[in-house]
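Here is the structure we will look at.
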Amino acid sequence: MVPEIGEFCLIVAFCLAVVQSTLPLAGLYRKKDHWIAMARPLALGQCFFITLSFVLLVICFLQNDFSVAYVARNSNSSLPIFYQVSAVWGGHEGSLLLWTLLFSGWVMMVTLCSRHLPMHFLARVLIILGWISCGFLLFLLATSSPFQRYLPDYPLDGRDLNPLLQDFGLIVHPPVLYMGYVGFAIPFAFALSVLWGNENDLPWAKWMRPWVLVAFGFLTVGIALGSWWAYYELGWGGWWFWDPVENASFMPWLVGIALIHSLMMSDKRQMFQGWSLLLAILTFALSLLGAFLVRSGILTSVHAFANDPTRGIFLLEFLGVVVGGSFGLYARRGKRFSMPLRLEWCSRETVILLSTVFLAVSTATVLLGTLFPLFYEVCTGQKLSVGFPYFNSVFIPLMLPVLLLIPIGPIITWGQNQGKELIQKVQWIGVLSVVLGAVIPWVFTRALSVSVALGVSLGIWIMLGTLKTAYQKSRQRGGVFKLSKGALGMIFAHLGMAVSIIGITIVSHYQIERDVVMKPGQSLEIAGEEIGFEKMQRTEGENYLGYQGHFGVSVAGKKIAELTPEKRVYVVQGQRLTETAIDPGFWRDIYISLGESLGEESWSVRLYYKPLVRWIWLGALMMAMGGLIAAWGRRTKGGN
Amino acid sequence: MRFLLPLVIFAALCGFLWKGLSLTDKTLASTLIGQSAPAFQLNTVEDPNRWVSEDIFRGKITLLNVWASWCHSCQKEHEVWMTVVKPADIALVGLNYHDTREEAGRWLQSHGNPYRLNILDERGRLGMDYGVTGTPETFVIDKNGVIRYRHVGPVDREVWDKKLFPLVEALQKS
């Protein structure tokens with residue numbers, strides 16, 4: 001019964017979505033306010049039924065109901081209970097339900113937090129969100145229902161969750177990432193509502209900003225979690241692969257940053273409104289494109305879900321209608337929202353415009369790199385892959401001007417041409433960061449490399465510039481604690497960017513990788529730390545068997561850590577998996593992964609020394625926190 | 001005009017994606033057709049000490065059937081194999097995919113074993129070489145070890161009568 005009720009709830013939610021997207025629309029045209037007012041209760045009802053259906057799917061997993069095909073494919077009765085819950089989003093169908101659930105959660109937040117918005121504006125927002133919801137629910141019901149049964153004779157036990165996904169990272173990564181993705185639907189709906197209503201006199205940029213900031217915060221944490229998961233789980237020691245699916249989350253992130261900054265201009269200076277609206281549409285369009293790339297099987301990737309052409313076709317049609325429709329609306333109405341530009345060449349407006357344009361262009365290069373293999377195959381019929389070389393040589397140079405502009409934005413003044421004053425303000429910071437960027441790596445390595453110096457200098461430049469702004473602002477306000485939430489968020493986010501940049505630069509240039517054959521009792525030195533292979537043991541977990549190596553890390557004869565990398569065989573699927581062991585640290589990670597047994601007790605072992613790798617994720621967390629702090633400030637301001 | 005630009009670019013992009021979608025289907029079916037069966041060295045479900053390689057496909061027309069004990073639709077298909085294999089002069093080789101020797105052996109014992117032998121592919125490596133997207137799948141391999149046809153999904157009586165059997169007959173004559 002449980003799966004049938006779950007499916008039924010989805011059907012009810014779909015019906016509500018259809019009404020939500022049509023009844024208030026009719027109300028708008030026939031001027032019936034009580035029809036328009038129905039949008040809010042309908043959205044809440046929809047959220048209720050989707051939540052119920054999700055809970056029922058969780059119950060199916062907890063009851064080990066293998067008559068449900070999706071449960072049988074992704075779970076197993078020997079799976080620990082928290083993985084049984086996270087297995088709910090371990091495959092395509094369940095993760096799509098999670099996606100829809102989170103989307104309806106965002107819609108609920110809009111209906112609850114936006115009472116102060118004009119009724120017609122909010123109604124249009126809810127109508128648009130209703131249409132999107134119709135699309136998601138129809139996709140679920142028509143092509144990927146997680147409640148389908150395996151009848152009459154269903155398997156006695158399930159196939160188990162993919163062992164790669166049996167991990168804390170997977171429990172939290174998809175929900176957080178999806179929160180970011182679908183969160184961008186809200187600014188998207190706001191933007192369409194603005195274009196549709198043709199009302200440029202409303203302070204829509206102010207209303208839109210907190211939503212963008214929160215979605216950005218979630219997306220940042222989601223991407224960082226994914227990168228961290230890949231780092232410790234996949235056993236290659238990498239933290240970013242320019243994989244199509246990673247790019248799919250990276251593109252809305254980049255455009256999202258551009259949107260945040262462009263909205264600030266639209267809000268405070270009534271400028272770039274057309275550009276902000278276009279960016280808002282683009283951000284969600286790229287989120288949907290990401291969903292399409294991952295779920296249609298059109299590109300090959302480690303993360304991609306199973307191949308099913310009907311899903312791809314549905315999603316492409318959905319993408320075409322939603323994004324094509326909104327670009328069409330933009331083409332008709334965009335002109336009204338673009339004022340002739342009157343820019344002083346050296347003002348904050350110019351700096352922000354330039355950086356958003358650079359961000360948009362670098363997003364375009366990522367998009368091109370992601371889709372190029374496909375273009376190539378369509379045109380020539382041959383396969384090709386685009387990897388690190390392309391992205392590193394095209395994307396990084398385009399990001400350099402953005403990084404250079406980051407600390408200047410807050411220092412430079414609005415609306416005035418202040419080239420001389422600007423140079424006065426930043427000259428010492430500039431000189432200091434170049435010197436430090438060259439000297440610090442030299443002190444540690446006794447070698448000088450231009451790209452390291454460039455990366456570290458930029459990081460220090462952003463840090464010093466941001467700290468200077470922080471100092472000045474808090475002096476004006478009379479204390480650090482009196483800073484506005486918006487300023488505090490900006491400071492956090494910009495410092496976070498600096499921390500990430502320094503981490504990325506150092507770990508990419510100074511990491512050490514060693515592939516060695518070791519026997520118990522042997523040891524070797526890596527960057528001043530001694531790593532000894534102590535012994536090998538057999539282990540057994542709830543649903544796997546394996547070998548566990550014991551390694552000691554010591555500095556100057558003193559043992560500082562013990563590491564136990566493993567090699568596991570998961571019993572049900574027979575999949576082998578390498579569990580890496582990491583000794584984490586603020587300054588460096590020691591990373592060990594076990595290779596194959598070579599007989600007579602010797603094992604192939606891979607050792608990595610990764611300086612400052614944690615900074616990458618630390619910086620990302622700071623950026624996300626910055627976004628959330630700023631959103632909090634916007635929210636309280638909006639209430640006044 | 002410049003406001004129309006995003007729409008134009010997006011339309012072009014959608015066109016490519018649309019073509020790309022139909023493309024993935026075709027390449028799935030076609031990349032292996034006409035090529036020699038991928039090389040492997042694996043032991044069998046029946047006997048852990050018996051190692052086999054792609055040489056087993058030589059000399060006789062082979063149907064390579066990818067199956068697993070956890071696969072529901074393989075059971076339905078199994079009934080078809082039980083009736084059609086003996087009368088036709090072909091070798092049915094099983095590729096036991098993402099499964100264990102114990103489970104697979106038990107399954108064969110309770111349902112019957114129409115296979116000449118079953119290659120044990122616990123890690124799914126060979127399945128990956130064949131580009132298997134799910135179970136069951138069936139490949140027709142000719143006397144020279146060249147893959148001639150791929151069928152995705154369960155083989156029922158209709159598929160056997162209309163597609164596979166005529167193909168096997170034609171290959172036997174040539």
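Keep in mind that the numbers below use all heavy atoms, side chains included, and drop hydrogens, waters and symmetry copies. Here is how names work: the chains are called A, B, and so on, in the same order as the sequence lines, proteins then strands, and each is numbered from 1.
Both the backbone and the side chain of B:Phe16 come within less than 4.5 Å of a heavy atom in chain A. Neither the backbone nor the side chain of A:Leu282 comes within contact range of chain B; no heavy atoms are under 4.5 Å apart. Residue A:Ile281: no heavy atom, backbone or side chain, is found under 4.5 Å from chain B. Neither the backbone nor the side chain of B:Leu5 comes within contact range of chain A; no heavy atom of the residue lies under 4.5 Å from a heavy atom of that chain.
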Inset, instruction - Starting from the C-alpha separation in whole Å, work towards a yes-or-no answer on ring pair (Phe, Tyr, Trp, His ring centres under 6.0 Å) for B:His78 and B:Trp107. - result: CA-CA 11 Å; B:His78 189 80; B:Trp107 195 86; 4.8 Å; yes

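In summary, A:Arg311 and A:Glu93 engage in a salt bridge, as defined by a charged side-chain N under 4.0 Å from a carboxylate O.
Within the cation-pi definition used here (under 6.0 Å to the ring centroid, within 45° of the axis), A:Arg568 qualifies as a partner of A:Tyr544.
By the side chain to side chain donor-acceptor pair (under 3.5 Å) test, A:Thr283 is found to be paired with no residue, residues two or more places apart in sequence or in another chain being considered. Applying the ring-ring contact (aromatic ring centres under 6.0 Å, His included) criterion to A:Phe188, with sequence neighbours excluded, gives A:Phe284.
The candidate from A:Gly274, A:Ala285, A:Ala69, A:Gly320 with the greatest count of non-hydrogen atom pairs under 4.5 Å with chain B is A:Gly320.
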